[in-house]
J.: 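Below you'll find the structure I mean.
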Amino acid sequence: MSTDAPKPTPRPGVPTPAAMKPHPPAADAPSATPAAPASNSTSFGRVADDGTVFVRTPDGEKEVGSYPEATHEEALAYFARKYDELAASANLLLQRVVQTDLSTQDGQASLKTLRQQVAEANVVGDLPALDNTVEQIATALSAKAEVESQARAEAKKEAAGQREALVAEAEKIAGQPVEKVQWKQSTSRMRELLDEWKALQRSQVRLDKETENALWARFSAARNSFDKTRRSHFAKLDEEHASAKAAKQKLVAEAEKLSTSTEWGPTASAFKRLMSDWKRAGRASRSDDDALWAKFKAAQDAFFNAKDEVVAAENVEFEANLKVKEELLAQAQALLPIKNLEQTKKDLHAIQDKWDAAGKVPRKDIDRMERGMRKVEQAIRDAEGAQWKKSDPELAARAGSFAAQLQKAVDDLQADLSAAEAAGDSKKAAKIGEELKAKQAWLDQAMGGVKEFGG
């Protein structure tokens, strides 16, 4: 419209171009509508002779305003442009709803504004088509709301599942038998689970209050149960550590008293007992246990090092004694086999006197030397016992009497065997024969004993 055109003259009750300031576009719409191809919006209106502009609707014509002192074409074109702008805003909103990630909430706000603009619009164009676009937007938003609702439901389900997994792990940690808990690892994991819970609260959709509260109650109960068990465990552990520390302090004091003892045998046994008591005492805290063990071992080492020095000195002397005793043992072993018992006994007695005078030998050789000498001594004792048996008249008499009894029994059985055979009683003869065989064997042994005693 030219700047030289006459100014419109207002008419009562009918809006003029000056009075009809354009409504702001729908929310989120760009400030300027992109250029669009020419429309046929003017075909939906007419201009009366007095300049009043009308738009056709399904319910009949509707007056939309006037453009005084302008041509009918200019007036109609003005109101048609207003329609095109409004229709463009509606189509743009429809595209955003259908093709972008515009949220349902923002879309509904824009639709509300658009409906208000359409309701108040004084424009010329295809109003049913504009209403249809508005309804398409409403339908699309409804569908989008349903999709978003399903997505939220799925997101809540997934979020609940993730929370449930955290709760289940917390309950598993809290439910471990105390003796199997890895406290450092489990405590660290419990802290991580709480951090993960908070992170899920910040990043995920909110669960419904009932589900959220129920899961949190379980999670909190598991954490509290674990903390209570942990505190109880470490309180008990502190008591055990204190008890072990007190017991080991007493053992250290006793070990330090024994560390300067020169009673090697009894003190070595005492240290062995102290070591057993140490193991039974249990563990104190690591720092206390290490410090006490260092003191205990120092006392123990002091004693055994002194003992080893003395033993080493003694071994020098004992090695010389060993050489003497090895020669004496060889002399004793040369007495066997015995030829003259009385002379052998005299020779052994002389060797034994020298043996006792030779003194101690190294510990590692004691058993070998003692066994060698005992073997010689036992051989002489056995020979002496055998000689005594041969010279004992009482034993000889008993042996002869027993042999005589067996001889009589054998003679009687031989007579009975002859009688049974003469009578043809083979069964009886066989029985007597078996008995005779046994008695004859005994008689042979008895006669051997009689000959041993010189009978």
J.: Would you give the length of the straight line joining atom CE of M373 to atom CE of M369, rounded to the nearest 0.5 angstrom?
T.: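 That separation rounds to 7.5 Å.
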J.: Residues in side chain to side chain donor-acceptor pair (under 3.5 Å) with T267, at least two apart?
T.: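 Side chain to side chain donor-acceptor pair (under 3.5 Å) list for T267, sorted by chain: S261.
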J.: Under the side chain to side chain donor-acceptor pair (under 3.5 Å) test, which residues partner E146, sequence neighbours left out?
T.: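 Applying side chain to side chain donor-acceptor pair (under 3.5 Å) to E146 gives none.
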J.: Quick one, E240 with R283, criterion salt bridge (charged side-chain N to carboxylate O under 4.0 Å, His left out). Give me CA distance, side-chain angles, the key distance, then yes/no.
T.: CA-CA 8 Å; E240 293 174 355; R283 289 190 62 84; over 6 Å; no
J.: Is I338 close to N340 at the side-chain level, that is, under 4.5 Å between some pair of heavy atoms?
T.: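 A side-chain contact is absent here, since even the closest heavy-atom pair is not under 4.5 Å.
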J.: Enumerate, atom names and distances included, each donor-acceptor pair closer than 3.5 Å involving a side-chain atom of residues 404-411, sequence neighbours excluded.
T.:
{"unit_1": "Q407", "atom_1": "NE2", "unit_2": "D411", "atom_2": "OD1", "d": "3.1"}
{"unit_1": "K408", "atom_1": "NZ", "unit_2": "D412", "atom_2": "OD2", "d": "3.2"}

J.: Taking only residues two or more places apart in sequence, or in another chain, which ones meet F44 in a ring pair (Phe, Tyr, Trp, His ring centres under 6.0 Å)?
T.: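 None.
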J.: Does the side chain of S285 pick up a donor-acceptor pair with the side chain of D288 at under 3.5 Å?
T.: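 Judged by distance alone, the side chains do pair up.
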J.: Would you mind reporting whether L166 and L200 have side-chain heavy atoms less than 4.5 Å apart?
T.: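 In short, these two side chains touch, coming nearer than 4.5 Å.
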J.: Please name all residues satisfying salt bridge (charged side-chain N to carboxylate O under 4.0 Å, His left out) with D227, sequence neighbours left out, ordered by chain then number.
T.: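 Scan of D227 (salt bridge (charged side-chain N to carboxylate O under 4.0 Å, His left out), adjacent residues dropped) gives R230.
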J.: Between E196 and R163, is the salt bridge (charged side-chain N to carboxylate O under 4.0 Å, His left out) condition met? List the steps.
T.: CA-CA 9 Å; E196 290 176 21; R163 303 280 185 88; over 6 Å; no
J.: To the nearest 0.5 Å, what is the distance between CG (N91) and OG1 (T133)?
T.: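 Taking CG in N91 and OG1 in T133, the distance rounds to 5.0 Å.
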J.: Determine yes or no for a side-chain-to-main-chain donor-acceptor pair under 3.5 angstrom, with E148 supplying the side chain and T104 the backbone.
T.: yes
J.: Can you name the side chain to side chain donor-acceptor pair (under 3.5 Å) partners of S188, sequence neighbours left out?
T.: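 S188 satisfies side chain to side chain donor-acceptor pair (under 3.5 Å) with no residue once adjacent residues are dropped.
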J.: Taking all non-hydrogen atoms of both residues into account, name the closest pair between L130 and A87 and its distance.
T.: CD1-CA, 3.8 Å
J.: If you look only at pairs with a residue in residues 147-200, which of them pass as a ring-ring contact (aromatic ring centres under 6.0 Å, His included), with sequence neighbours excluded?
T.: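 Non-adjacent pairs meeting ring-ring contact (aromatic ring centres under 6.0 Å, His included): W183-F226, W183-H233, W183-F234, W197-W216, W197-F219.
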J.: Can you tell me how far apart OG1 (T211) and CD (E164) are? Round to the nearest 0.5 Å.
T.: 10.5 Å
J.: Given side-chain contact (heavy atoms from CB on, under 4.5 Å), test R189 with I173 step by step and report yes or no.
T.: CA-CA 9 Å; R189 183 54 185 154; I173 293 173; 3.7 Å; yes
J.: Flag yes if more than 12 heavy atoms outside R374 fall under 6.0 Å of its CZ atom; otherwise flag no.
T.: yes
J.: Do Q176 and S186 pair up side chain to side chain, a donor and an acceptor below 3.5 Å, judged on atom types alone?
T.: yes
J.: What's the spacing between D131 CG and T57 OG1 if we round to 0.5 Å?
T.: 10.0 Å
J.: Sorted by first residue and then second, give each ring-ring contact (aromatic ring centres under 6.0 Å, His included) pair with at least one member in residues 353-387; sequence neighbours left out.
T.: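 Output for this query is empty, none listed.
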J.: Which pair of heavy atoms, one from G372 and one from L329, lies closest together, and at what distance?
T.: C-CD1, 3.4 Å
J.: Any salt bridge (Lys or Arg N to Asp or Glu O under 4.0 Å) involving residues 250-259? Give me the pairs, sequence neighbours left out, ordered by first then second residue.
T.: E254-R273
J.: Are there more than 12 heavy atoms of other residues, nucleotides or ligands under 6.0 Å from atom NZ of K144?
T.: yes
J.: Checking T113 against S110 for the side-chain contact (heavy atoms from CB on, under 4.5 Å) test, could you report, in this order, the C-alpha distance in whole Å, the side-chain angles of both residues, the deciding distance, and whether it holds?
T.: CA-CA 5 Å; T113 301; S110 296; 5.7 Å; no
J.: Can you list the steps and then say if Q343 with D347 is a side-chain hydrogen bond (donor to acceptor under 3.5 Å, both in side chains)?
T.: CA-CA 6 Å; Q343 184 60 46; D347 292 342; 3.0 Å; yes
J.: Can you establish whether the number of heavy atoms outside E370 located under 6.0 Å from its atom CD is more than 12?
T.: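 Enclosed.
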J.: Which donor-acceptor pairs under 3.5 Å do the side chains of residues 414-438 make with protein atoms, sequence neighbours left out?
T.:
{"unit_1": "S418", "atom_1": "OG", "unit_2": "Q414", "atom_2": "O", "d": "3.1"}
{"unit_1": "D425", "atom_1": "OD1", "unit_2": "K428", "atom_2": "N", "d": "3.2"}

J.: Could you pull out every donor-acceptor pair under 3.5 Å between side chains of residues 359-367 and any protein atom, sequence neighbours left out?
T.:
{"unit_1": "D365", "atom_1": "OD1", "unit_2": "R368", "atom_2": "NH2", "d": "3.3"}
{"unit_1": "D367", "atom_1": "OD2", "unit_2": "R371", "atom_2": "NE", "d": "2.8"}

J.: Could you please spell out the steps behind the side-chain contact (heavy atoms from CB on, under 4.5 Å) verdict for V134 and L94?
T.: CA-CA 8 Å; V134 171; L94 178 60; over 6 Å; no
J.: Answer yes or no: is there a donor N or O on one side and an acceptor on the other, between the side chain of Y83 and the main chain of S41, under 3.5 Å?
T.: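 A pair under 3.5 Å: no.
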J.: Would you find more than 12 non-hydrogen atoms of other residues, nucleotides or ligands less than 6.0 Å from Q182 atom CD?
T.: no
J.: To check you understand the geometry: which heavy-atom pair defines the closest contact between V376 and A332, and what is its length?
T.: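 Where V376 meets A332 most closely, the heavy atoms are CG1-O, 3.5 Å.
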J.: Is a salt bridge present between K209 and E212, judged by a nitrogen-to-oxygen distance below 4.0 Å?
T.: no
J.: Considering non-hydrogen atoms only, spot the tightest contact between L292 and K248 and give its length.
T.: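 Closest approach of L292 to K248, heavy atoms only: CD1-CB, 3.9 Å.
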J.: Could you walk me through whether D277 and R280 pass salt bridge (charged side-chain N to carboxylate O under 4.0 Å, His left out), step by step?
T.: CA-CA 5 Å; D277 292 344; R280 286 194 297 269; 2.3 Å; yes
J.: What's the spacing between L215 CG and E210 CD if we round to 0.5 Å?
T.: 10.5 Å
J.: Can you name the salt bridge (charged side-chain N to carboxylate O under 4.0 Å, His left out) partners of K156, sequence neighbours left out?
T.: none
J.: I would like to know whether L127 and V118 meet side-chain contact (heavy atoms from CB on, under 4.5 Å); could you show each step before the answer?
T.: CA-CA 9 Å; L127 295 181; V118 170; over 6 Å; no
J.: Is T229 reaching over with its side chain to a backbone N or O of S225, donor-acceptor style, under 3.5 angstrom?
T.: yes
J.: Compare all side-chain heavy atoms of L114 with those of L86 and state whether any distance is below 4.5 angstrom.
T.: yes
J.: List the atom of V98, the atom of A140, and the distance in Å for their closest heavy-atom pair.
T.: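 Closest heavy-atom pair between V98 and A140: CG2-CB, 4.1 Å.
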J.: Might you work through the side-chain hydrogen bond (donor to acceptor under 3.5 Å, both in side chains) test for E309 and N305, ending with a clear yes or no?
T.: CA-CA 6 Å; E309 290 177 2; N305 289 340; over 6 Å; no
J.: Quick one about Q352 and D356 (side-chain donor to acceptor, distance below 3.5 Å, no hydrogens or angles considered), yes or no?
T.: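 Checked: D356/Q352 side chains show no N/O donor-acceptor pair below 3.5 Å.
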J.: Hey, is CD on Q378 packed in by over 12 heavy atoms from elsewhere, all under 6.0 Å?
T.: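 Yes, because the 6.0 Å sphere around CD of Q378 holds more than 12 heavy atoms from other groups.
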J.: Heavy-atom distance under 4.5 Å between the side chains of D308 and F303, does that happen here?
T.: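 No, their side chains stay 4.5 Å or more apart.
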J.: NZ/K323 to CZ/F318 distance, rounded to the nearest 0.5 angstrom?
T.: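 Rounded to the nearest 0.5 Å, the NZ-CZ separation comes out at 15.5 Å.
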